[in-house]
There are 2 protein chains.
Amino acid sequence: MPADCAQRRGGGGCAHCAARPFSVCASVPDADLHRLDALAETVTLAPGQALFREGDPATHVFNVTSGSVRTYRLLADGRRHIAGFLFAGDFIGLDPAEAHSLSGEAIEATTVCRFRKVAYRALMAERRELEAALLARAGDELAAARRQMLLLARKTAIERVASFLLDLPGADPLRPGPAGLVRLPMTRSEMADYLGLTLETVSRTLTRLKRGGLIRQVSLTEMRVEKPDALRMLADGDA
Amino acid sequence: MPADCAQRRGGGGCAHCAARPFSVCASVPDADLHRLDALAETVTLAPGQALFREGDPATHVFNVTSGSVRTYRLLADGRRHIAGFLFAGDFIGLDPAEAHSLSGEAIEATTVCRFRKVAYRALMAERRELEAALLARAGDELAAARRQMLLLARKTAIERVASFLLDLPGADPLRPGPAGLVRLPMTRSEMADYLGLTLETVSRTLTRLKRGGLIRQVSLTEMRVEKPDALRMLADGDA
DNA sequence: CGTTCTCTTGACCAGCATCAAAATTTGTGG
DNA sequence: CCACAAATTTTGATGCTGGTCAAGAGAACG
């Protein structure tokens, strides 16, 4: 990571962080925020820029504060699997392994908050609410991973795309923005590598959903969910 | 769960537990084993018997001590996804959710060690090595889930089956039994529901691996890995 | 305003699913 | 221990979903 992308911030950063309400940092009480502030570095990433690479020593943990990140692995012959998309409030670094097992890159202009792992661990040992919050995150992530495995193992293309649209922040009332409006900052190819499909199938499937009136394309990167209940049924295989 | 399947054990159970060396209990020092013993109940399960069902309140955590367990979810139309197979030493209960998101059933004659969740949490708060061990488990499980997602999203049938054979305990030198001998207590249909295939494809693929001399069928439920390196290449897509 | 990248759509194809039946194993009762 | 019934596995024939290959239509960017 280029040195010019990370800088120590001025005081009071965490107190004004837009992502705090829905991040693990919410577990740190306001009175102790200076402890976080002392450890936090802000990293600014341009579209496509790498945050870490598979195999790199995992010296930091991260919190996404704005924009979006993709994490992925490649097979030897170039097949790609995108493990996840991360948005404001999402935490990276639950895996205690010494080396990153995934690469992480910004999809669009993105800022993340970075902490040295050793310092963060020390803070965790002291502020046990933070540790509890991370354990809860780990549980959530495990549950999400199981839903994704079910999707990949047993759902059809249209069920996968429907599930994907509903999983993105946009339906989530905690997050900013109008409900039902889903932003898709990633390419069709990235959706495909996340859903175990090809980009052509993703494109055709989105067209099918539009034709069926379940969603409406607002712009290339924005979809409006017109029939949330029908989409949910599809996603859950209750069709 | 029938009451007659769970009984408080006699003294010294944990000290003689065959699964302890490769379970989270290993993090509890011998001197404190009586604390575990005081909380542990042994549950004996017949083949096919349920340990817990999706939706049940998750009042306990479990450690498999012998035999094997399958965890799974169903879609509305009956499609099944097996989330995982659990063997001696494996822990169930990392997910902090109030209700089980999966069903768990014994595949064969199985024993598990059961703890009330609240009591276990209390022990965790006190014995932080145990908490650390569980966090490490959560990390491992997350890493395993990511490997499985890569498998389901991007690997071919033969790569999936090769990966599966190598993931089963049998190659693991920590576990008992001759290395390279893989026991398959689950049916072809269960393997299929775990690997995102059909039972016919699993059967055909095993036949292919046998024909290629990569594995040898010792019995219906046992395979010997004849060419571990070639199988590993296949599994990793380095073919 | 042209170059490039992404998305959409079409034609064709392949890997795996489905349907079907035979072979093998397992379980049960006599 | 054997014979029969049930379940599982294997193998074969055929089909379909989604992949591959290809071309054209928008967007994005310099």
Side-chain angles (χ1 to χ4, degrees), chain A residues 46-48 70 75 77-82 107-109 151-165 183-212 215-223 234 237 239, chain B residues 46-48 70 75 77-82 107-109 151-162 164 183-212 215-223 234 237 239:
Chain A
R70 59 171 174 256
L75 289 175
D77 62 1
R79 276 173 287 175
R80 178 175 66 169
H81 174 235
I82 292 192
I107 290 176
E108 56 190 332
L151 178 151
L152 293 168
R154 285 292 173 239
K155 290 189 185 178
T156 64
I158 199 164
E159 290 166 353
R160 293 181 199 205
V161 172
S163 302
F164 178 65
L165 291 171
R183 230 170 51 83
L184 301 168
M186 70 293 291
T187 65
R188 301 287 185 263
S189 167
E190 287 166 342
M191 296 181 213
D193 288 344
Y194 178 66
L195 296 173
L197 302 168
T198 60
L199 67 95
E200 293 93 333
T201 298
V202 169
S203 181
R204 279 187 250 267
T205 304
L206 284 172
T207 300
R208 279 217 280 161
L209 289 172
K210 285 182 247 170
R211 291 226 182 89
I215 61 173
R216 176 121 67 110
Q217 185 155 24
V218 177
S219 75
L220 240 190
T221 58
E222 276 180 323
M223 297 284 174
L234 238 189
Chain B
R70 60 173 175 255
L75 288 175
D77 63 0
R79 280 173 284 175
R80 179 176 65 170
H81 174 236
I82 292 193
I107 292 177
E108 57 191 331
L151 177 150
L152 292 169
R154 285 294 175 238
K155 289 189 185 177
T156 64
I158 198 165
E159 289 166 353
R160 293 181 198 205
V161 172
F164 177 65
R183 231 169 52 85
L184 300 169
M186 70 292 292
T187 65
R188 300 288 185 262
S189 167
E190 287 166 341
M191 296 182 212
D193 287 343
Y194 178 66
L195 296 173
L197 301 168
T198 60
L199 67 94
E200 293 93 332
T201 298
V202 169
S203 180
R204 278 187 248 270
T205 303
L206 284 170
T207 301
R208 279 218 280 161
L209 289 172
K210 285 182 244 168
R211 289 225 185 89
I215 61 173
R216 176 122 67 109
Q217 187 157 22
V218 177
S219 75
L220 239 193
T221 59
E222 276 181 323
M223 297 284 174
L234 237 188

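Chain A is the first sequence line, chain B the second, and so forth, proteins listed ahead of strands; every chain is numbered from 1.
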Does any part of the side chain of Leu209(B), heavy atoms only, come nearer than 4.5 Å to the side chain of Leu234(B), both counted from C-beta? yes

May I have the distance from Lys210(B) (atom NZ) to dT11(D) (atom C1'), rounded to whole angstrom? 12 Å

Minimal non-hydrogen separation, His81(B) against Ala153(A), with atom names: CD2-CB, 3.4 Å

Do Leu75(B) and Lys155(A) have side chains that approach each other closer than 4.5 Å (heavy atoms only, starting at C-beta)? yes

With sequence neighbours left out, what residues match Arg160(A) under salt bridge (charged side-chain N to carboxylate O under 4.0 Å, His left out)? none

Under a 4.0 Å threshold between the charged nitrogen and the carboxylate oxygen, would Glu222(B) count as salt-bridged to Arg216(B)? no

Could I get a table of every N or O pair under 3.5 Å where one atom is in the protein and the other is in nucleotides 18-20 of chain D?
{"residue": "dG18(D)", "atom": "OP1", "partner": "Ala157(A)", "partner atom": "N", "Å": "2.9"}
{"residue": "dG19(D)", "atom": "OP2", "partner": "Thr198(A)", "partner atom": "N", "Å": "3.3"}
{"residue": "dG19(D)", "atom": "OP2", "partner": "Thr198(A)", "partner atom": "OG1", "Å": "3.2"}
{"residue": "dG19(D)", "atom": "OP2", "partner": "Thr201(A)", "partner atom": "OG1", "Å": "2.5"}
{"residue": "dT20(D)", "atom": "O4", "partner": "Arg204(A)", "partner atom": "NH2", "Å": "2.9"}

Tell me, do Arg204(A) and Leu199(A) make a side-chain contact under 4.5 Å, heavy atoms counted? no

Let me test you: for the helix from dC1(C)-dG30(D) to dG30(C)-dC1(D), what is the angle between the axes at its two ends (five pairs each), rounded to 10 degrees? 50°

Sequence neighbours excluded, the answer for salt bridge (charged side-chain N to carboxylate O under 4.0 Å, His left out) partners of Glu200(A) is none

Please identify each residue that fulfils side chain to side chain donor-acceptor pair (under 3.5 Å) with Arg154(A), with sequence neighbours left out. Asp193(B)

For Ser203(A), all residues meeting side chain to side chain donor-acceptor pair (under 3.5 Å), sequence neighbours excluded: none

I'd like to check the salt bridge (charged side-chain N to carboxylate O under 4.0 Å, His left out) partners of Arg208(B); sequence neighbours left out, ordered by chain and number. none

Sugar-phosphate only, base, or nothing, as touched by Ser203(B) at under 4.0 Å among non-hydrogen atoms: base

5' to 3' contact window, DNA chain C with chain B (heavy-atom distance under 4.0 Å): dC16(C) to dT25(C)

Residue set satisfying side chain to side chain donor-acceptor pair (under 3.5 Å) with Ser189(B), at least two apart, ordered chain then number -> Arg80(B)

Can you name the side chain to side chain donor-acceptor pair (under 3.5 Å) partners of Glu108(B), sequence neighbours left out? Ser68(B), Arg183(B)

Side-chain heavy atoms of Thr201(A) within contact of Leu195(A), under 4.5 Å: no

Sugar-phosphate means primed atoms, P, OP1 and OP2; the rest is base. With that split, encode nucleotides 25-30 of chain D 5' to 3' as B, S or - using protein heavy atoms under 4.0 Å. ------

